[in-house]
Enquirer: 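Submitted below is the structure of interest, expressed as structure tokens.
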Amino acid sequence: MNKKIGMSLLAIFVAVVSFAQKAPGLAKTPPMGWNSWNIYACDITEDLVREVADAIVQRGLKDAGYEYVVIDDCWHGERDALGFITADPVKFPSGIKALADYIHSLGLKFGIYSDAGWTTCGGKPGSRGYEFQDAMKYAEWGVDYLKYDWCATDNLNAQGAYDTMLKALAKAGRPILFSLCEWGDNKPWLWAKDIGHMWRTTGDIYDDFYGELNHGTWSSWGVLNILDMQVGLRQYAGPGHWNDPDMMEVGNDLTVNESRAHFSMWCMIAAPLIAGTDIQHATEETIEILTNSEAISINQDALGIQGFKHSKKDSVEVWYKPLVDGNWAVCFLNRDSISKELNYNWAEKLIVDDFAKREINYSKESYTIRDVWTHTDLGKTNKPLKTTLPGHDVLMLQLSLSKK
Ligand code: GLA
């Protein structure tokens with residue numbers, strides 16, 4: 001083999017097997033932010049996104065930890081003569097860089113959306129064949145987060161397609177949180193740990209507590225349906241790589257109880273907390289739910305262990321989540337629309353978490369009980385817990401190990 005051919009083969013080999021790393025150090029705890037899709041779908045403009053970003057600051061979401069402002073589908077214009085993607089000139093006349101700069105000036109981070117296929121789900125230009133050019137543009141614009149969808153992908157291999165975009169992002173040289181959105185179709189929890197920082201586990205959510213919205217070839221799902229689909233996935237999540245049960249519908253077409261239950265469960269399962277609410281006009285109750293620091297600290301706990309369903313009795317589920325320092329979060333979820341009497345005798349329960357290798361033996365240990373929603377202390381686990389649980393609501397508690 002002559003030397004030139006040998007060198008070319010080596011170059012091809014290096015290009016093909018080159019190992020790209022996802023941006024390190026990001027998403028050590030579940031990412032928090034806001035995304036435009038659930039509430040505005042394709043009706044987004046730069047003015048609207050700026051106003052939302054302002055509201056995120058003014059209404060206390062930034063202080064509560066919400067960081068990423070993500071524009072979803074339909075920001076796109078055409079590709080230019082060289083193939084570079086541009087913004088819709090009518091909806092985003094100042095361009096994406098100006099918007100990203102504005103969001104950064106508020107101390108927030110900026111996210112954008114694309115798709116691994118020919119087009120996005122909204123029919124805009126997808127990244128297929130343009131991955132490196134698109135990643136280069138995102139980096140130039142100051143993008144901090146990319147949600148990467150899965151429409152119009154024909155028979156693409158999912159792992160390969162997401163890996164290609166990972167390589168493109170790595171090459172672009174800006175740390176960009178990579179959010180995979182292939183709806184769990186190819187079990188990304190089995191292969192995406194080193195590719196993305198989070199991956200959707202299911203189809204789309206919609207603003208119903210329990211239900212299915214059939215769109216013909218696919219369905220969107222209510223909050224509890226999505227929650228049920230998370231069972232069996234907790235061992236795949238952890239710091240830097242999270243199961244994503246989709247963006248929240250808190251404050252949308254849900255009752256206050258349902259919104260509280262939805263938010264609590266997303267906290268219990270260490271889900272990314274991406275609000276999908278009209279932040280400017282949301283009620284005070286909705287803002288209180290989204291900014292509850294005690295619930296958020298359970299979600300953001302440094303151990304990064306997803307909670308699990310421990311038991312279910314008469315439509316009340318009991319969920320446990322191990323926390324740092326030997327503490328736990330416990331959440332009683334009433335799936336029924338009518339209230340239930342709760343009589344939970346801690347002493348009779350043995351809680352074994354095989355994954356976290358932790359257990360609670362209430363007859364030997366005592367915990368102080370904090371009600372995360374009323375912000376009150378409820379005594380200790382040495383007495384049975386008796387209360388009424390309203391319909392479609394939760395009792396969410398933090399248990400702190402106390403000296404007996
Ligand atoms: C898919 C995604 C949604 C949203 C839309 C946009 O359905 O799963 O989250 O991004 O596309 O068209």
Side-chain angles (χ1 to χ4, degrees), residues 26 31-57 61-62 66-79 84-117 119-127 130 134-151 165 169 172 174-181 196-198 200 204-205 244 246-249 252 272-282:
L26 298 179
M32 293 177 68
W34 176 88
N35 174 298
S36 55
W37 184 255
N38 284 358
I39 190 74
Y40 299 119
C42 270
D43 294 328
I44 45 170
T45 63
E46 62 179 43
D47 288 343
L48 175 68
V49 178
R50 280 169 186 252
E51 282 162 21
V52 172
D54 290 341
I56 286 173
V57 177
L61 276 84
K62 181 187 171 207
Y66 293 83
E67 189 179 19
Y68 294 97
V69 177
V70 183
I71 51 172
D72 206 278
D73 208 347
C74 303
W75 58 268
H76 320 66
E78 302 296 325
R79 291 193 179 277
F84 286 106
I85 190 70
T86 63
D88 182 316
V90 176
K91 293 158 132 190
F92 293 85
S94 316
I96 302 297
K97 174 140 190 6
L99 182 58
D101 286 348
Y102 182 73
I103 285 166
H104 290 150
S105 78
L106 299 177
L108 296 166
K109 291 186 172 161
F110 177 66
I112 209 164
Y113 161 99
S114 189
D115 187 292
T119 63
T120 69
C121 298
K124 306 295 174 190
S127 288
Y130 295 92
D134 285 356
M136 205 192 277
K137 267 290 152 206
Y138 303 154
E140 190 184 309
W141 287 339
V143 167
D144 305 297
Y145 177 122
L146 173 65
K147 171 176 169 183
Y148 204 48
D149 213 341
W150 191 239
C151 276
M165 187 41 105
L169 292 172
R174 183 178 169 89
I176 295 180
L177 189 153
F178 194 23
S179 160
L180 278 57
C181 177
H197 300 92
M198 55 197 263
R200 281 274 296 278
D204 289 5
I205 196 168
D244 174 12
D246 207 357
M247 305 165 298
M248 296 183 289
E249 295 282 9
N252 294 347
L273 297 180
I274 310 293
T277 316
D278 174 354
I279 302 295
Q280 285 172 277
H281 306 108

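Throughout, numbering of the chain's residues begins at 1 and tracks the sequence. When reading the values below, keep in mind they use all heavy atoms of this one structure, side chains included, and skip hydrogens, waters and symmetry mates.
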Enquirer: Taking the side chain as every heavy atom from C-beta outward, state whether I103 and K109 have any atom pair closer than 4.5 Å.
Expert: no

Enquirer: Would you say the side chain of I96 lies within less than 4.5 Å of the side chain of I71, judging by non-hydrogen atoms?
Expert: yes

Enquirer: Before giving the answer on side-chain contact (heavy atoms from CB on, under 4.5 Å), spell out for N35 and Y113 the whole-Å C-alpha distance, their side-chain angles and the decisive distance to 0.1 Å.
Expert: CA-CA 10 Å; N35 174 298; Y113 161 99; over 6 Å; no

Enquirer: Does K124 reach the side chain of D115, with side-chain heavy atoms less than 4.5 Å apart?
Expert: no

Enquirer: Could you give the distance from CH2 (W141) to CG (D134), rounded to the nearest 0.5 Å?
Expert: 7.5 Å

Enquirer: Within the structure provided, determine whether C121 and W37 are in side-chain contact (heavy-atom separation under 4.5 Å).
Expert: no

Enquirer: Between I274 and M32, what is the shortest heavy-atom contact and its length?
Expert: CD1-C, 4.1 Å

Enquirer: For the side chain of R174 and the backbone of V143, is there at least one donor-acceptor N/O pair under 3.5 Å apart?
Expert: yes

Enquirer: In Å, rounded to the nearest 0.5 Å, how long is the span from NE2 of H76 to OG of S127?
Expert: 7.0 Å

Enquirer: Under the criterion side chain to side chain contact (heavy atoms under 4.5 Å, CB included), which of L273, V70, I39, N38 is the partner of M247?
Expert: N38

Enquirer: In plain terms, say whether K147 and D73 are close enough for a salt bridge, that is, a side-chain N and a carboxylate O under 4.0 Å apart.
Expert: no

Enquirer: Compare all side-chain heavy atoms of E67 with those of Y145 and state whether any distance is below 4.5 angstrom.
Expert: no

Enquirer: What distance separates C181 SG from D204 CG, expressed to the nearest 0.5 Å?
Expert: 6.5 Å

Enquirer: side-chain contact (heavy atoms from CB on, under 4.5 Å), that's the test. Do F178 and L169 meet it? Break it down for me.
Expert: CA-CA 9 Å; F178 194 23; L169 292 172; 3.8 Å; yes

Enquirer: Identify the heavy atoms of S36 and D72 that sit nearest to each other, and give their distance.
Expert: OG-N, 2.8 Å

Enquirer: Step by step, work out the side-chain contact (heavy atoms from CB on, under 4.5 Å) result for T277 and M248.
Expert: CA-CA 8 Å; T277 316; M248 296 183 289; 6.0 Å; no

Enquirer: Is it the case that the side chain of D88 and the backbone of C74 share a donor-acceptor pair, with hydrogens and angles ignored and the cut-off at 3.5 Å?
Expert: no

Enquirer: Minimum heavy-atom separation for S94 to E46, with atom names?
Expert: OG-OE2, 2.6 Å

Enquirer: Grab the two heavy atoms, one from F110 and one from H104, that are nearest each other, plus how far apart they are.
Expert: N-NE2, 4.0 Å

Enquirer: Please walk me through it: do W75 and V49 pass side-chain contact (heavy atoms from CB on, under 4.5 Å)?
Expert: CA-CA 11 Å; W75 58 268; V49 178; over 6 Å; no

Enquirer: Between T86 (side chain) and E78 (backbone), is there a donor-acceptor pair under 3.5 Å?
Expert: yes

Enquirer: Would you call K91 and D43 a salt bridge, using N to O less than 4.0 angstrom?
Expert: no

Enquirer: With rounding to the nearest 0.5 Å, note down the distance linking CD1 in I112 to OH in Y148.
Expert: 12.5 Å

Enquirer: Can you name the side chain to side chain donor-acceptor pair (under 3.5 Å) partners of Q280, sequence neighbours left out?
Expert: E51

Enquirer: Looking only at non-hydrogen atoms, find the nearest pair between G142 and A100 and report the distance.
Expert: O-CB, 4.2 Å

Enquirer: L106 and A53: which non-hydrogen atoms are nearest, and at how many Å?
Expert: CD1-CB, 3.7 Å

Enquirer: With sequence neighbours left out, what residues match Y102 under side chain to side chain donor-acceptor pair (under 3.5 Å)?
Expert: D54

Enquirer: Tell me yes or no: between the side chains of D144 and Y68, is some donor less than 3.5 Å from an acceptor?
Expert: no

Enquirer: Contact between P31 and H197 at the side-chain level, heavy atoms closer than 4.5 Å - yes or no?
Expert: no

Enquirer: Would you say Y66 and W34 make side-chain contact, with heavy atoms under 4.5 Å?
Expert: no

